[in-house]
Protein chains: 2
Amino acid sequence: MAVTLADVAARARVSAATVSRVLSGNYPVAESTRNRVLRAVDELEYVVNGPASALAAATSDLVGVLVNDIADPFFGIMAGAVQAEMGAPAGEPGRGGEKLAVICNTGGSPERELNYLTLLQRQRAAAVVLTGGAVEHPDHAAAVAAKASRLAASGTRVVLCGRPPIADATTLTFDNRGGARRLTEHLLTLGHRRIGYVAGPAERTTTRHRLEGHRAALGAAGLDADLERLTVHGLYDRASGYDATLELLRRDRGLTAIVAANDTIALGVCAALRDQGLRIPEDVSVAGFDDLPFSADAVPALTTMRLPLHEAGARAGRLALGREPQPPGGVAMVRAELMARASTAPPRG
Amino acid sequence: MAVTLADVAARARVSAATVSRVLSGNYPVAESTRNRVLRAVDELEYVVNGPASALAAATSDLVGVLVNDIADPFFGIMAGAVQAEMGAPAGEPGRGGEKLAVICNTGGSPERELNYLTLLQRQRAAAVVLTGGAVEHPDHAAAVAAKASRLAASGTRVVLCGRPPIADATTLTFDNRGGARRLTEHLLTLGHRRIGYVAGPAERTTTRHRLEGHRAALGAAGLDADLERLTVHGLYDRASGYDATLELLRRDRGLTAIVAANDTIALGVCAALRDQGLRIPEDVSVAGFDDLPFSADAVPALTTMRLPLHEAGARAGRLALGREPQPPGGVAMVRAELMARASTAPPRG
DNA sequence: CTGTTAGCGCATTCAC
DNA sequence: GTGAATGCGCTAACAG
């Protein structure tokens, strides 16, 4: 039905093996025959059969990228960067080299995460990149670790980007704890003493680490007594930020600052404050985390911790392709940088 | 090396054929043997070899989703919705049914678009969903159409989501022209007469259609003389909106409204206006297009045309799976809805 | 440098 | 309802 290697071979008057060698390019072939083959390929509009090739070679050119929510720029940026590294380079369509990045949306669900891992294992993926925070349920963590080991054992490279290290995987962790600490210290330095915190879902590593950093900063200042009362958990979305802010104000109308676990939440925080007639930063300072593109454009511009998501994703992509040396110990930390902008200022009076 | 069908068959004391039948589920198998097989699968932690299965069955469970920029929520939302329809349903990991959505980031480059199409063809993808506006270069359009036909001919379903119809593909077009027209009419109704327009890249269908809608509204009001002078092209990003706004103000400081080709551009427009000391909407009204999540949270909240991106993506996903009947003629139009918010108001005086 | 020979792991005829 | 046999299209030794 479709054109096969054999057809090309016949037309070029060579053996199938030769055609295969020309196409994969990793074997010497005489210039003249190579041209003949290439011409036949063009004339026949031949396209390699990926599954057949993967079966014979026992490895495919798929690279899986797992994200919690592809509609969230936090993940979109990382995924895009990973995929850019795979590069289907212009000019040589259909010929060797390109990897196909498979972006899988888990929706934050542990089951779907495992399902996708299985699907990728079934496809004999060349590599898998897990992005974003992990769920901390012991069972799930163990299951993921087991899957990762099995993947690694069967030749699939496993790379983590933005979550804590596990065995058999190269890891790019984000310095969530340190970043969160420096962010809260920034607020303390400005003079704030009553600081609310809007956290993410309790079971995620990112949530816990950022909260720990916040706590550490407060503790160092002897202010951690109120921590629990002034912390509200929600999802990593705008609506949660909005609701959590109302709750925080209910608990302590005298808050002078609110730290959000990420920028998206911070947007909701700002909206709620405005709806309550409070000005930012005059009445309440607001800070986020991640420094997503929209944060610099918020009004007022949002103070936040910048995570180099694009760079991290690109590096994860290179690690997945084995194009970059492993960091020492298989783990590298990505640091966060304070972007002090207009949404934070000293408290009034 | 890895566990194969044969291993499972041996352990379950049946033939490989039977195991295959149990796993694909589309063939009668006695209850007792089925259970025996399933148990063996579990005990051996067997995972189907995707490539082998795809080779034998001449079809894979991959579905390609092409996007211009996965870091842009416009595409992230659609892609996420498509993928959600593929659903790796929780509870039955590794067994039949699930499709794997492959999200491919073209970066808006025609070459990469074609490359990915070839890659997907090579993988014998079950379906391909092309999202967002198309590039209008005649050569490229022809090349894409040809690829689409070839894909369709080889059994790959082709679905378009947000671009004009082509042969051999089911299409969900967006009513960019009508939406843009209604948006500008909204401004005209408010009393605006000097309206700037920040367009996207000239060669994209989305850009042209939205501009045509704008022009139609102006024309109907007898205001199209200034159209060219008050239109600036750029990319679909924030920086372009910023720069274009400065240029527009240079051309006509007396503008009372600026329409942006999408919300992201509108964000840049707002930033530029603010930096120029102009208030929104008192001095200049601003409108966008798409209604991305951040638009409602902008300050002031952005007037825009809402496109039901999630619904459209979900429907595209279902069409790709053949789970939804074709629309009449293979083409359905997705309408845009005016979201009149605080960023537009009558001009002063 | 090039051709020949074997599978890769599974889905599908066919028989039984 | 189940097993045995065949081939999907390609790559990887091995010869030559």
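Convention: sequence-line order gives letters A, B, ...; per-chain numbering from 1.
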Measure from [atom1] on [X] to [atom2] on [N] and round the result to the nearest Å.
| X | N | atom1 | atom2 | value |
| --- | --- | --- | --- | --- |
| B/Arg122 | D/dG9 | CZ | P | 16 Å |
| A/Asn26 | C/dC1 | CG | C1' | 15 Å |
| A/Glu31 | C/dC1 | CD | P | 10 Å |
| A/Leu44 | D/dG9 | CG | C1' | 15 Å |
| A/Asn49 | D/dG7 | CG | P | 18 Å |
| B/Leu23 | C/dT12 | CG | P | 13 Å |
| A/Leu5 | D/dG7 | CG | C1' | 16 Å |
| B/Tyr27 | C/dC14 | OH | C1' | 10 Å |

Seminar exercise, completed: The answer to which of A/Val19 and B/Thr33 contacts DNA chain D further toward the 5' end, by nearest nucleotide, is B/Thr33

Seminar exercise, completed: Closest to the 5' end of DNA chain D, once B/Val29 and A/Ser53 are matched to their nearest nucleotides, is B/Val29

Seminar exercise, completed: Quick note, A/Ala56 side chain, CB onward, closest among C/dC1, C/dC8, D/dG1 is C/dC8

Problem set entry | Minimum-distance nucleotide to B/Val14 side chain [options: D/dG3, C/dC8, C/dA11] | D/dG3

Less than 3.5 Å apart, any donor N or O on the side chain of [X] or [Y] sitting next to an acceptor on the other?
| X | Y | value |
| --- | --- | --- |
| B/Asp61 | A/Gln123 | yes |
| A/Thr170 | A/Gln326 | yes |
| B/Thr106 | B/Ser109 | no |

Would you please confirm or rule out a distance under 4.0 Å between OP1 or OP2 of [N] and any side-chain N or O of [X]?
| X | N | result |
| --- | --- | --- |
| B/Thr18 | D/dG3 | yes |
| A/Ser15 | C/dT4 | no |
| B/Ser20 | C/dT12 | no |

Exercise. Within the structure shown, what part of the strands sits under 4.0 Å from A/Leu55 by heavy-atom distance: base, sugar-phosphate, or nothing?
Worked result: base

For this session: Indicate, with a heavy-atom threshold strictly under 4.0 Å, whether A/Ala17 touches base, sugar-phosphate, or nothing.
Result: base

For this session: Kindly give the heavy-atom pair with the smallest separation between B/Met86 and B/Ala101, and that separation in Å.
Result: CG-CB, 3.8 Å

Exercise. Any side-chain heavy atom of A/Thr131 sitting closer than 4.5 Å to one from A/Phe74?
Worked result: no

Exercise. Got a donor-acceptor pair under 3.5 Å from the side chain of A/Arg21 to the base of C/dG3?
Worked result: yes

